[in-house]
*Asks:* 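Sharing a structure here in C-alpha cells format.
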Protein chains: 2
Amino acid sequence: MPTLGPVDYENLSNTVYATLCDALIQGRFQPGDRLKIRELAEQLGTSVTPIRDTILRLANDEAIIFRSPRDIRIPVMSLTRYREIRSIRLKLEGLAAETAAQVATKADIEALERIVRENEEAIADANRLKGTELNQAFHFMLPQIAQMPVLVGILRKLWLQMGPLIADTYLQGGRSMIDYHYPVIDALKRHHSADAAMAVADDILLGGKALLDRLENNSEPPEGAQ
Amino acid sequence: MPTLGPVDYENLSNTVYATLCDALIQGRFQPGDRLKIRELAEQLGTSVTPIRDTILRLANDEAIIFRSPRDIRIPVMSLTRYREIRSIRLKLEGLAAETAAQVATKADIEALERIVRENEEAIADANRLKGTELNQAFHFMLPQIAQMPVLVGILRKLWLQMGPLIADTYLQGGRSMIDYHYPVIDALKRHHSADAAMAVADDILLGGKALLDRLENNSEPPEGAQ
DNA sequence: CCACGATATAAGATGCATCAAATGCGCGTT
DNA sequence: AACGCGCATTTGATGCATCTTATATCGTGG
C-alpha cells in the first residue's frame, strides 16, 4: 500500500500495531475483553514496550479503552455510538464514493470487481474471516480510488472501533453485506457521483442492518470466542 | 465533562500529550521542524518514555511524521491535502451543525455567544493565541452540542494536522475568521439544520480562504527558513 | 452472618541502560 | 579544491527493573 507510505517503518512497534489491528478487525477480541500488556507480550514474543506503544495508539484510536488506570478493555459498542458512527460513515464514505466516481479508471473498476468476486466466493464458502476482510477492502478501495489518504486514516479509525462488532455479526448478515456493492460499481462505471453516494448509503444502511438489529436486541453475544 | 470522560487519566503520558497538542495548535512548532525525544524530555522535565508515547500517538494522528526512522518532523501541509481536509470538514462539521441545530438548548446558544464575544475581544486585542483557541473552541462546541463524541475525536485529529498552518495564518485572516460564526448561531437559534450546515460551510470555505491563499502562493517554501 | 479493612498480588507507569543505525563531519586522495 | 569514504556522535528502538496503585481476598469484629 503506497498510500500509507511514510508511516510504516518495519519496526517492532508498527508490526505489533498492525497485528493487533488485524486481530481486532478479525474479531479475535470480544467486546468487554480485558487486555494485559505482559500477557500480549508473551503471546507475541516481544517485550512489553512495543505492546505498550500499540495499546496507547489503539486507545488513541478509541479502539480500546482504559476503564481504569489498570483495566484495559475492548469497549462495548453502544447503540447511540453505532448510530453516530453510521452517520459519519454516510457522510465520509459518501464523499469518497462521489469523488471516486469522478476519477475512477478502468483498472480501479476492475479492482473493485475482483474484490466483489472474491467476496462472493468467500460467502459461498461461509468463510467469515475472508468475507469481513474483503468487505472492508471494498470500502477502503473507494477513498483510495478517490486519492484521499486523510479519509483513509479516519475510516481506519472508525473501522477499528467497529471491528469486534462487525466480525461478530457478519455471518448473520448473509448476502446483504455484498448485494449493495454492485450498484456502487455500476455508478462508478457511469461516473455518476450522486448515484455512487446513494449506493454507498444503501450499503451502509441496509447492508449494516444486521449490526443495528444486534445492538437493538442488545443481547449477550453467543460464545463463539476465538 | 462527561463527554471526554474515560479518555483522560492524570498520568504523565496524557499530560505530555495534551501539552504537545496545545503546542501544535498554538503554532509553537513550524512545519518542517524536527522533534527530538530527549530534547523534549528535558524541556518538559520528564524521562523519554512519556515523550515517546506522545510522539507515537501524534504520529498515529498524522500530526507529525517519521521522515526516516530517526527523523521526526512536523509535516508540511500540501495544497491537495488541505483541500482534502477541507472537503472532509465540510461534511463532518456540516453534520455536527445539522444535528446541533436540532438539539441545541438555550444554554448551548449562550455558550456559543460567549465564545464569539470573547473572540471579538481577542481580535480587538490582536491576541493571536487567544483568537485561534476561541475559534477552535467554537468549532468544537458544535459536535459537543450535537452530542457526537466520535465526531469530536475525528475533528481533533484533523485540527491537529492543521494546527501549525492555522496558527501561522490566523492573523492574516483578520475578521473573516469570526464573521461567519454569527449566521451559525442564528441558524441554531432557529433550529434550522440546513441553514446551520450552510453557515458552517461558509465559515470553512470563506473564513478559511486565507489558509488556502497561503498554500497556493507558497507552493515552494524554502525549508531552510532561518 | 455480614461488613469493613488490611494486606498481598497483579499490572500499568516511569525511568533508564543498551543497541543499532542514520547522519554529519573530517580527513585523505585525486 | 572537490568528492568520497569512514568514524564518531546522535537518536530512536527495545528491553527491563522498579514503583505505585487498584483490586481481590481473607480475616476479624460487630
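Residue numbering restarts at 1 for every chain, and letters A, B, ... go by the order of the sequence lines. When reading the values below, keep in mind they use all heavy atoms of this one structure, side chains included, and skip hydrogens, waters and symmetry mates.
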*Asks:* Which residue pairs pass the salt bridge (Lys or Arg N to Asp or Glu O under 4.0 Å) test when at least one of the two sits in residues 32-49 of chain B, sequence neighbours left out?
*Replies:*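 Sorted pair list: Arg34(B)-Asp71(B).
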
*Asks:* List in chain and number order the residues that pass side-chain contact (heavy atoms from CB on, under 4.5 Å) with Gln26(A), two or more places apart in sequence or in another chain; answer none if no residue qualifies.
*Replies:* Asp22(A), Arg28(A), Leu129(A), Glu133(A)

*Asks:* Starting at OH of Tyr17(B) and ending at C1' of dA13(C), how long is that distance when rounded to a whole Å?
*Replies:*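 Distance check: Tyr17(B) OH to dA13(C) C1' gives 19 Å.
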
*Asks:* Determine the contact category for Ile55(A): base if any of its heavy atoms lies under 4.0 Å from a base atom, sugar-phosphate if only primed atoms, P, OP1 or OP2 are that close, otherwise nothing.
*Replies:* nothing

*Asks:* With a 4.0 Å cut-off, would you call Asp125(A) and Lys130(A) a salt bridge?
*Replies:* no

*Asks:* Report the distance from atom CG of Leu44(B) to atom C1' of dT14(C), rounded to the nearest whole Å.
*Replies:* 15 Å

*Asks:* In whole angstrom, give the distance that lies between atom CG of Leu40(B) and atom C1' of dG12(D).
*Replies:* 13 Å

*Asks:* Separation of Ile37(A) atom CD1 from dG12(C) atom P, in whole Å?
*Replies:*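 So the CD1-P distance, Ile37(A) to dG12(C), works out to 5 Å.
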
*Asks:* What is the distance, to the nearest angstrom, from the CD1 atom on Ile64(A) to the P atom on dG12(C)?
*Replies:*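 Ile64(A) atom CD1 is separated from dG12(C) atom P by 10 Å.
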
*Asks:* Mind checking Leu56(A) for me? I need base, sugar-phosphate or nothing, with any heavy atom below 4.0 Å counting as a touch.
*Replies:*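 Here Leu56(A) touches no strand at all.
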
*Asks:* I'd like to check the side-chain contact (heavy atoms from CB on, under 4.5 Å) partners of Ala97(B); sequence neighbours left out, ordered by chain and number.
*Replies:*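 Leu142(B), Ala196(B), Val200(B).
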
*Asks:* Does the pair Lys209(A)/Asp213(A) count as a salt bridge with the N-to-O cut at 4.0 Å?
*Replies:* yes

*Asks:* Got a list of protein N/O to nucleotides 14-16 of chain D N/O distances below 3.5 Å?
*Replies:*
residue : atom : partner  : partner atom : Å
dT14(D) : OP1  : Leu12(A) : N            : 2.6
dT14(D) : OP2  : Ser13(A) : N            : 3.4
dG15(D) : OP2  : Ser47(A) : N            : 3.2
dG15(D) : OP2  : Ser47(A) : OG           : 2.7
dG15(D) : O5'  : Ser47(A) : OG           : 3.3
dG15(D) : N7   : Thr49(A) : OG1          : 2.4
dC16(D) : N4   : Thr49(A) : OG1          : 3.3

*Asks:* Within the 4.0 Å heavy-atom criterion, would you say Leu35(B) contacts the bases, only the backbone, or no part of the nucleic acid?
*Replies:*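 If one applies the 4.0 Å heavy-atom cut-off, Leu35(B) turns out to touch the sugar-phosphate alone, with no base involved.
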
*Asks:* Tell me, please, which residues at least two apart from Ser47(A) pass side-chain contact (heavy atoms from CB on, under 4.5 Å).
*Replies:* Thr49(A), Pro50(A)

*Asks:* List for me each residue that meets ring-ring contact (aromatic ring centres under 6.0 Å, His included) alongside Tyr82(B), sequence neighbours excluded, and say none if there are none.
*Replies:* none

*Asks:* Who are the side-chain contact (heavy atoms from CB on, under 4.5 Å) partners of Ala146(A), not counting sequence neighbours?
*Replies:* Thr99(A), Ala100(A), Met148(A)

*Asks:* Could you run through nucleotides 18-26 of chain D and give me one letter per nucleotide, 5' to 3': B if any protein heavy atom sits under 4.0 Å from the base, S if only the sugar-phosphate is that close, - if neither?
*Replies:* B-BBSS---

*Asks:* Test: salt bridge (Lys or Arg N to Asp or Glu O under 4.0 Å). Region: residues 74-92 of chain A. Which pairs qualify, not counting sequence neighbours?
*Replies:*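 For residues 74-92 of chain A, and leaving out neighbouring residues, the salt bridge (Lys or Arg N to Asp or Glu O under 4.0 Å) pairs sorted by first residue read Glu62(A)-Arg81(A), Arg83(A)-Glu216(A), Arg89(A)-Glu93(A), Lys91(A)-Glu98(B).
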
